[in-house]
Amino acid sequence: MSDWPDAAVDYVQAIADTKLVIGHRCAQWSLAGPSLEDDIGGSSAAQEEVGHVRQLFRKLEDQGRDGDWLRGAREPEEFNNASALDRIDGEWADFVATIAPADRAAWYLLDAIDSDGMDGMITKIGEDEYFHLEYHDARLETLAAEQPDELQATLEETIPAALAFIGPESYDDESDPLVESGFTSVSAADVRERFADHYRDLFADTDVSLSGVDWDAPDADEWDETRRRVGSGGVDEEDLVQIRGERNAMFAR
Amino acid sequence: MTGETKYEVFARRNEGDDTLHLGNVRAKSDRLAKMYAHNTYDEEDWDYLAVVRADDLLEVEPQAMRHGVSADE
């Protein structure tokens, strides 16, 4: 049924799941940001991320994935979101420093796809993502001036997690299986370089140092290529109840 | 960058339309102000959207205009 390589279905699944959890986290913060404008931004981003997820899930259903399973009838370990999003401990700076790298990594992976029938959808998602990523960076700049220590500590955790989500540095043009199959035109190694350059430039003239970040993560031998992370774990059961809309379904009876 | 600044927000729907004053946002940087304006006023598909620091608005003083320019000015 599938006309994509198995690795490509897993790749899009991981992007969709990451967007699903980003949307959920943005919705959680949409009444708890430091200003009304941040609340509105969170609500807007949450709606757009859910829209992206619905489109990506449709593509995955075309490739044979079960719709109910996609929409939440699965265990936490079956959600292949970027690991930093499993839970966010802390305050606003931690939230921004967690969402931003995961969102940027997900967009770079989506933008790397070179597959028939995906171009229009990716272009449309890119129009939304421009504003999401620009907002994240604008917020990271202000937080770098106000709370550099908190920001730096969180980024030292979330950037390696985002690098694991992108893929190991050994996946270059010659060895990245998705490039070899023709599903993507940019290797994980090149995406990593673009990602790293972006954040090094963003924080270059701030009090945030990224010298403590493990830029070599993940260890290729420990990397789970399906979940695009190292190690186990997943989102909390309470998050899944909300993502599945179980309580909404109870009200709708 | 840590202080908040008030920005006035302007937009037009189509090229050639009058530019409208939509409202304002408060932000800690110009970059953030532009994103706040976009997120807050994104119900329309604007042809043009801009923010101006409220401090940079130059007031035209109507009283002075009504009195006209005196002969010795």
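These numbers come from a predicted model, not from an experiment. Chain letters run A, B, ... following the sequence lines, proteins first, then strands; residues in each count from 1.
Within 6.0 Å of CZ on Arg87(A) lie more than 12 heavy atoms contributed by other residues, nucleotides or ligands. Annotation: Glu238(A), atom CD; neighbour count of heavy atoms from other residues, nucleotides and ligands within 6.0 Å is above 12. At most 12 non-hydrogen atoms from other residues, nucleotides or ligands lie less than 6.0 angstrom from CD of Glu157(A). Within a 6.0 Å radius of CG in Asp205(A), other residues, nucleotides and ligands contribute 12 heavy atoms or fewer. Residue Asp214(A) qualifies as enclosed at atom CG: its count of foreign heavy atoms under 6.0 Å is above 12.
By a heavy-atom distance cut of under 4.5 Å, Tyr36(B), His38(B), Asn39(B), Thr40(B), Asp42(B) are the residues of residues 36-48 of chain B near chain A, going up by number.
Taking 4.0 Å as the cut-off between side-chain N and carboxylate O, Lys28(B) and Glu146(A) count as a salt-bridged pair.
With rounding to the nearest 0.5 Å, the separation of CZ in Arg139(A) from CZ in Arg31(B) is 13.0 Å.
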